[in-house]
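The structure under discussion appears below in the form of structure tokens.
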Protein chains: 2
Amino acid sequence: MANLKQLAQSLGLSITTVSRALDGYADVSAATRERVREAADKVGYRPNASARRLRRQRAELVAVTLPSDPGHIGPPHFLDMLSGCAEHLAAAGLNLVIAPVPRGESELDICRRFVDGRRVDAMLLVRTKRRDERVEFLQSRGIPFVTNGRTESLLPHPFIDGDGFAGFRAATLRFHATGHRRIGHIAGPQEYYFAHDRCCGWRAAMEECGLATDLCAEGAPLEQGGYLAALELLRQPSRPTALVCATDEMAIGALRALREVDGGNQISIVGHDDLPMGAFTSPPLSTMRMTGENLGASFASLLLRAIAGEPAEELQELHAIEFVDRDSHRRPLKAA
Amino acid sequence: MANLKQLAQSLGLSITTVSRALDGYADVSAATRERVREAADKVGYRPNASARRLRRQRAELVAVTLPSDPGHIGPPHFLDMLSGCAEHLAAAGLNLVIAPVPRGESELDICRRFVDGRRVDAMLLVRTKRRDERVEFLQSRGIPFVTNGRTESLLPHPFIDGDGFAGFRAATLRFHATGHRRIGHIAGPQEYYFAHDRCCGWRAAMEECGLATDLCAEGAPLEQGGYLAALELLRQPSRPTALVCATDEMAIGALRALREVDGGNQISIVGHDDLPMGAFTSPPLSTMRMTGENLGASFASLLLRAIAGEPAEELQELHAIEFVDRDSHRRPLKAA
DNA sequence: CTTGACTCCCAAAACGTTTTGGAGAATCTT
DNA sequence: AAGATTCTCCAAAACGTTTTGGGAGTCAAG
């Protein structure tokens, strides 16, 4: 209800003075400052956001684009991450808007709308593709952004990512060390960087061990995709004895395929993401997780630093992957 | 880069004319309108959002507050709903910002900040409590809002909700009809309307059948909560033969408890939410779901109509609950 | 020729803030 | 006591849009 003009009038002061008093400038006396603040509190004055944004030439907004393909948004706990990010951005006066991609438009259109309409100060990109047109566009426009996941872009850009290559290589080698030789991989869509990265890690390990890399099936990054991919691998003449799955959701789908085909308990399996759900599957799902806590806060911090103008090279976080030991990776290995 | 003034100058027209040409007013000739539009396209002109918002006295933003307790945000697919909502809001020129509640602040504080700072045109409230202070505040301020879930507020307000009472009553009666007599309920936190509603439905059915209502345990609306609650019920001298669970996540936790205690396959179980995951549990989880598709679009529509000033009474949607028949509700019932 | 209606355009006033560039009074310096 | 400095405060100019209230022309009817 109250704006600066009314507040100033009621105090017999100028708009300027009231504004500066509230912002804590030194060129207004302590006495007036107090008086202004009290009055503002009493009236419940809040500066009009639009007016400030216009004057300051800042949108006070960050947008995150959400792919519209179901399941391509990210793991179920993804909203928790966004929530954490939004919380920390809010502490710096920024709000997080979610920008899903409507049918018939590309993610690029969305970026364009937000950037060219000066609707945002920065953008957050999730589920990066190996070659990601959004990244190239934002780089050309020079607007700050951070991605969740690396890309193969030539120019460096800020990102947070897990070292999927190392994680999946290690998981595969772990199976090899316990005697497995036919280790399959259930891969996500290879245009996504994370899926490709994890697949490469598996393949690298297999090659290091002198094993064939044909036990690989690709599917959508959801339960159903993992289910179908697992069925495909189980149809092979010589079945895998262990499965490394790109995501926990795919692993849970694969678990069902195993139950259907051999009653379960024959084939070891490991996923990635550490879904809470994994502790409640049968058998409990061994998995991997990115180290580091409060991912959302890290994203917020990187976004703020990108807005502040820090160079991209200093805004790249590659986190190690750690193994989460439950039970599903430890099925008894029968002699081949 | 380009603003209206520059565009007007380059065309030798006034700002007014350019503005009105782009907005398609009739009082600018078709010829000029075309000329202006072409020029605007070429320069890639987009109106400055902050300026328009200030002038129009509209924030072009809707906020959704997210509870910060983990697991209290809603089911895992909740982000999909938000995404759908945001998509339809965007078609009307509104963006959806997510407003998590930081530590040390209440949900009320957040509402206050958004409303009093005139940062939003409307709000979306999720996980309503039976007596919800946010609802009361927004009603007192007269700002449009829609809730996901009913409340016990005396004044009517717009909402979308599932008829949990009817759904849980029906599920309980279904168990009774197939011979079950000891039917337990795993309840969510009773301060939430949805949890209380579902619990009441179960209790009503039990009383109709002349059965005792002591087989009820409450827990957090997550796998772990369901797990602990199920263990509690299984510790009773006479165990339940069937379990009606407030959410699928709780049901999945309960499934693990059943496996641990009696090897599973003894006790029938049903959840609510129709998580995709439910098709992949062992046994596949029978569940319930709210009828109606594209919930997000419904929320968006209600929000827009609330902003347009439609009375609350016309903006209330109570959806029927339908049963999703998988397998977990059909365990063999041994003679007691 | 006047009147009225219509077409096409524009100047100027908002919207509510922040910031610039002082102005006047009080205090300090010399 | 004059000049310099410091304290307080303020008028006015932005920021980029939309909208109000006309102002010229043109044309047809009276």
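What you are looking at is a predicted structure, and each value in this text was computed from that prediction instead of being measured. In the text below, chain A, chain B and the rest are named by the order of the sequence lines, each starting its count at 1.
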5'-most contact on DNA chain C (nearest-nucleotide basis), Ala51(B) vs Thr32(B), goes to Thr32(B)
Nearest listed nucleotide, side chain of Arg56(B), among dT18(C), dG16(C), dT18(D) | dT18(D)
Would you state whether a donor and an acceptor, one from the side chain of Asp27(B) and one from the base of dC9(C), lie under 3.5 Å apart?
-> yes
Ring-face cation of Arg150(A) near Tyr193(A) (centre distance under 6.0 Å, axis angle within 45°) | no
Kindly point out which of dG16(D), dT18(C), dT18(D) is positioned nearest to the side chain of Gln57(A)?
-> dG16(D)
Inspect the contact between Arg131(A) and Glu152(A) and indicate whether a charged nitrogen and a carboxylate oxygen are less than 4.0 angstrom apart.
-> no
Do Thr16(A) and dA11(D) share a donor-acceptor pair, side chain to base, under 3.5 Å?
-> yes
At under 4.0 Å between heavy atoms, what does Leu13(B) touch on the DNA or RNA strands: base, sugar-phosphate, or nothing?
-> sugar-phosphate
Using a heavy-atom cut-off of under 4.0 Å over every strand shown, decide if Arg20(B) touches base, sugar-phosphate, or nothing.
-> base
Donor-acceptor pair (no angle test) under 3.5 Å: Arg52(A) side chain, dT17(C) base | no
Going by modelled atom types, is there a donor-acceptor pair between the base of dT18(D) and the side chain of Arg55(B) at under 3.5 Å?
-> yes
Is Glu60(B) salt-bridged to Arg52(B), cutoff N-O under 4.0 Å?
-> yes
Glu60(A) CD - dC15(D) C1' separation (whole Å) = 14 Å
So, Asp121(A) and Arg58(A), do they make that salt bridge, N to O below 4.0 Å?
-> no
